[in-house]
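Okay, structure first, notes after.
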Amino acid sequence: GAVVSQHPSRVICKSGTSVKIECRSLDFQATTMFWYRQFPKQSLMLMATSNEGSKATYEQGVEKDKFLINHASLTLSTLTVTSAHPEDSSFYICSARGGSSYNSPLHFGNGTRLTVT
Amino acid sequence: AQSVTQLDSQVPVFEEAPVELRCNYSSSVSVYLFWYVQYPNQGLQLLLKYLSGSTLVKGINGFEAEFNKSQTSFHLRKPSVHISDTAEYFCAVSTTGGSYIPTFGRGTSLIVHP
């Protein structure tokens, strides 16, 4: 089955530094990837849609200069949290869909727990 | 725009008992419906989906859900739960047009007691 690998699973960084999270589709090509943020005991909040070879589409209220997304190939998308602050601490999850068909459910990575100290 | 309401934030149940997790949606157009499960510190895994056809959908791990258009519901059921079913369950809806990006409910925490 389709596998999405997300790395790292956990990261602790100091305030003011940047952190990069990778999302890879291991056995399929993902033209579109999605980045979500999940707060404790809450649902997933879509942050942005990442399209291979083009700029990401950010949801309203998400700072694109703070959350940099790069989708350089059909199997890799990265999310960089720049100048991280404690309020950026959260669980970040990526997902991927191989095509635009509604029959293609989203395949999720295992998430990255970011803690900013 | 579509929305999803999961009426119960937490559902405690004893092992081998039946369970129903409720989900209601709102949309002005036709929808596709999904249930995902999330185990602690992991991503989401698709349990089942409704696209069209039979309103009773069977998924993995013995779960099933029924699409009720008149009540705009898509409740998830399992006749006998196991300890290993303890997890967070998310209902999601996407519309039949546009980008098919699903909207997720707030989640229901299923807690199975021995």
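Computed from a prediction, not measured in an experiment: that's the story for all the values here. For the numbers below, each heavy atom of this structure counts, side chains included, while hydrogens, waters and symmetry mates do not.
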Answer with side chain, backbone, both or neither: which region of A:Thr112 has an atom nearer than 4.5 Å to a non-hydrogen atom of chain B?
neither
Of the backbone (N, CA, C, O) and the side chain (C-beta and beyond), which part of A:Gln6 lies under 4.5 Å from a heavy atom of chain B, both, or neither?
neither
Between B:Gly105, B:Gly43, B:Pro102, which residue shows the highest count of heavy-atom pairs closer than 4.5 Å to chain A?
B:Gly43
Considering only heavy atoms from C-beta outward, does the side chain of A:His85 approach that of A:Ser83 to under 4.5 Å?
yes
Are any of the side-chain heavy atoms of B:Val4 and B:Phe74 separated by less than 4.5 Å?
no
Under 4.5 Å heavy-atom distance to chain A, tell me which part of [X] shows up: side chain, backbone, both or neither.
{"X": "B:Phe90", "value": "side chain"}
{"X": "B:Gln38", "value": "side chain"}
{"X": "B:Leu46", "value": "side chain"}

Tell me the closest heavy-atom pair linking B:Phe34 and B:Ser94, and the distance in Å.
CE1-OG, 3.6 Å
So which atom in A:Ile93 and which in A:Gly109 form the shortest heavy-atom distance, rounded to 0.1 Å?
CG2-O, 3.7 Å
Just one of B:Trp35, B:Tyr36, B:Phe63 clears the ring-ring contact (aromatic ring centres under 6.0 Å, His included) bar with B:Tyr89, so which one?
B:Phe63
